[in-house]
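I have placed the structure first, in the form of structure tokens, so that the comments after it can refer back to it.
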Amino acid sequence: MSKEKVMIFDTTLRDGEQAAGSRLDVREKLEIAHQLAILGVDIIEAGFPISSPKDFEAVDLISQEIVGPVICGLSRAVMADIDACGKALSKAKRSRIHTGLGISDIHIAGKFSDEKYGKTLDEKKAKAIEMAVAAVKHARQYTDSVEFYTEDSGRAEPEYLYEILEAVIDAGATVLNIPDTTGYAIPYEFGNLIQNIRNKVPNIDKAVISAHCHDDLGMAVANSLAAVRNGARQVECTINGIGERAGNAAMEEVVMAIQTRQDFFDVDTNIKTTEFCRTSRMVADLLGFMVPPNKAVVGSNAFAHSSGIHVDGVLKKRETYEIMKPEDVGSQKTQVVLTARTGRHGLKHRLAEMGYSLSKEELEHIYERFLTIADKKREVFDEDIAALIGDEARMVKHAYHLEYLSVTSGTGTLPTGAVKIRFPDNQVRQAAACGDGPVDAAYEAIREATGLSPKLENYTIRAVTGGKEALGEASVRISEEGKIYIGRGISTDIIEASAKAYIDAINRMVADKDDKTELKAEV
Ligand code: KIV
Ligand code: ZN
């Protein structure tokens with residue numbers, strides 16, 4: 001049996017765009033509206049036509065171009081606003097006028113002047129009901145779909161709210177928007193308010209209840225869901241939760257909560273959730289509001305696992321640490337982020353994904369080196385691992401090994417290097433030397449300690465990955481007796497990478513000479 005639907009009313013282009021510091025031009029709004037239609041929202045609130053010629057143009061253009069969702073325009077309970085809405089929406093296949101006014105005592109006392117609306121609060125409240133009724137009747141001349149908002153319902157006197165709702169339904173309102181304009185409500189309370197509206201407004205069966213929650217106390221999504229649980233069948237929300245002040249309820253969170261917790265909500269939406277990540281990126285890019293990595297559903301870390309226990313669990317059975325599938329929201333697959341806490345299982349899995357199959361000993365060895373790098377970097381990337389593997393593959397037997405390196409350099413000091421090197425016969429020798437720069441000082445010290453001084457032909461250093469703790473890969477070319485030997489070294493410290501590269505090249509040179517000696521002996 002198909003479930004009852006909760007309509008998704010997107011207000012990214014109206015309330016979302018009211019976020020401080022944001023501005024979309026008409027073309028950008030149209031681009032987002034196209035994507036919202038693909039996402040499957042039921043209603044697009046395209047703007048507030050009377051507020052500016054650009055807003056009018058956006059609502060007009062979206063009305064002409066977007067097929068599928070109902071196109072809605074906002075107005076105050078003022079005739080000129082409603083006329084502007086009616087005009088801007090005139091070309092829409094399906095349109096809605098969203099009108100209303102502030103109904104809490106704070107709003108009525110604060111916004112309604114004595115001269116125009118009466119001296120006492122009661123007089124003003126009675127006048128507000130008259131205005132509301134007149135606005136709805138006027139809007140109905142343009143469309144059969146009229147939504148009425150009772151601004152600041154979260155702080156309003158409930159009995160007055162019920163009274164005004166009954167009046168606007170009688171006047172022809174088909175949707176009742178109950179906004180928690182200031183984000184003041186808490187979920188238990190907001191859920192009860194919706195329940196009470198259903199019980200106390202006599203003609204409520206003629207209208208749909210809508211939740212419109214703001215996030216000032218971080219409860220916009222929780223309040224919207226409490227409303228759904230208590231009978232609201234429309235939720236007003238924005239992509240990425242953008243909007244006035246702390247924003248509106250984030251659509252992706254509301255919808256995924258409904259979908260993931262079907263057992264609790266037992267309702268459905270028309271949203272094609274696989275479009276969430278794409279839509280989120282588009283809105284973030286066009287508004288210039290980046291999505292924090294830990295943002296629920298669409299953040300870059302939303303499906304990234306890093307600690308050993310979690311990685312191990314999720315690789316054995318995804319459901320151990322994931323309640324949604326990344327592909328269901330259009331995200332890439334579950335991600336294992338390699339850090340110092342990832343563990344062997346995570347590293348082995350990534351190596352296998354990259355096509356490396358290592359023996360137990362090799363894995364153990366790589367893991368030790370991986371840990372050294374991971375301790376220095378926040379995240380170890382695939383390129384780092386490839387460099388590590390390449391570095392291992394180049395290791396030659398009986399090698400000289402850099403045990404210790406210290407280099408001092410700076411303005412007004414003579415660059416000095418000190419090294420301790422383990423020889424193929426296990427002896428350790430140390431030496432110190434000065435040079436033209438820190439790398440040269442390290443190389444001088446290596447020459448001093450090993451007693452070998454091949455000619456340095458070329459030296460390069462490059463960052464393997466991005467960021468300030470990137471791995472550096474040094475490459476050196478040395479020559480002796482007309483033969484060239486190339487060495488490479490990697491480290492998060494570029495001087496260390498340089499020293500390792502030099503020793504790697506020396507090891508190749510020595511191995512080459514040893515081979516020749518062995519060959520001669522065999523002959
Ligand atoms: O938050 C609010 O009350 C609003 C109304 C205009 C619907 O955005
Ligand atoms: Zn709002």
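Small disclaimer: the values here were computed from a predicted structure and weren't measured. Numbers for residues simply follow the sequence, beginning at 1. Note: hydrogens, waters and symmetry copies are ignored here, and every other heavy atom, side chains too, is used.
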Under the rule for side-chain hydrogen bond (donor to acceptor under 3.5 Å, both in side chains), what residues qualify as partners of [X], not counting sequence neighbours?
X: Q195; answer: N230
X: R229; answer: none
X: E4; answer: R233
X: D215; answer: none

K500: partners by salt bridge (charged side-chain N to carboxylate O under 4.0 Å, His left out), with sequence neighbours left out: E496

Qualifying residues under salt bridge (charged side-chain N to carboxylate O under 4.0 Å, His left out), relative to E65, sequence neighbours excluded: none

Do any N or O atoms from the side chain of [X] and from the backbone of [Y] form a donor-acceptor pair under 3.5 angstrom?
X: T372; Y: E368; value: yes
X: D285; Y: M282; value: no
X: R278; Y: L39; value: no
X: N248; Y: T238; value: no
X: E473; Y: A463; value: no
X: S280; Y: F276; value: no
X: E252; Y: N240; value: yes
X: T320; Y: G313; value: yes
X: T260; Y: A257; value: no
X: N270; Y: G40; value: no

May I ask you to check whether [X] and [Y] show a side-chain donor-acceptor distance below 3.5 Å?
X: E17; Y: S22; answer: no
X: N294; Y: N301; answer: no
X: N223; Y: H214; answer: no
X: T12; Y: D10; answer: yes
X: D328; Y: T273; answer: no
X: E236; Y: N177; answer: yes
X: T339; Y: S306; answer: yes

Is there side-chain contact between [X] and [Y], with at least one heavy-atom pair below 4.5 Å?
X: F190; Y: C213; value: yes
X: P49; Y: D55; value: no
X: I97; Y: V136; value: no
X: L471; Y: F381; value: no
X: L388; Y: F370; value: yes
X: L193; Y: I178; value: yes
X: V175; Y: I43; value: no
X: D60; Y: K87; value: no

Would you sort out whether V298 and S331 count as a side chain to side chain contact (heavy atoms under 4.5 Å, CB included), showing the intermediate values? CA-CA 7 Å; V298 292; S331 173; over 6 Å; no

List the steps and the verdict of side chain to side chain contact (heavy atoms under 4.5 Å, CB included) for Y356 and E362. CA-CA 11 Å; Y356 298 114; E362 285 168 335; over 6 Å; no

Test: [X] and [Y] ion pair at under 4.0 Å:
X: E28; Y: R23; value: no
X: D25; Y: K54; value: no
X: R140; Y: D144; value: yes
X: E327; Y: K325; value: no

For F56, enumerate each residue passing the ring-ring contact (aromatic ring centres under 6.0 Å, His included) test, keeping only those at least two apart in sequence or located in another chain. none

H310: which residues meet the ring-ring contact (aromatic ring centres under 6.0 Å, His included) condition with it, sequence neighbours left out? Y321

Check step by step if side chain to side chain contact (heavy atoms under 4.5 Å, CB included) holds for D205 and R198. CA-CA 8 Å; D205 56 316; R198 289 177 68 206; over 6 Å; no

Just checking Y149 against H212, ring centres under 6.0 Å apart? no

Assess the pair F148 and H98: is the distance between their ring centroids shorter than 6.0 Å? no

Applying side chain to side chain contact (heavy atoms under 4.5 Å, CB included), can you list everything that pairs with [X], at least two apart in sequence or on another chain?
X: L217; value: M219
X: E253; value: V221, A250, K295, A296, V297
X: T274; value: K272
X: H107; value: S104, K111, E151, D152, R155

Would you please test E364 and R344 for salt bridge (Lys or Arg N to Asp or Glu O under 4.0 Å) and show each step? CA-CA 8 Å; E364 205 47 43; R344 284 173 186 75; 2.9 Å; yes

Before giving the answer on side chain to side chain contact (heavy atoms under 4.5 Å, CB included), spell out for T182 and D180 the whole-Å C-alpha distance, their side-chain angles and the decisive distance to 0.1 Å. CA-CA 6 Å; T182 51; D180 179 28; 4.3 Å; yes

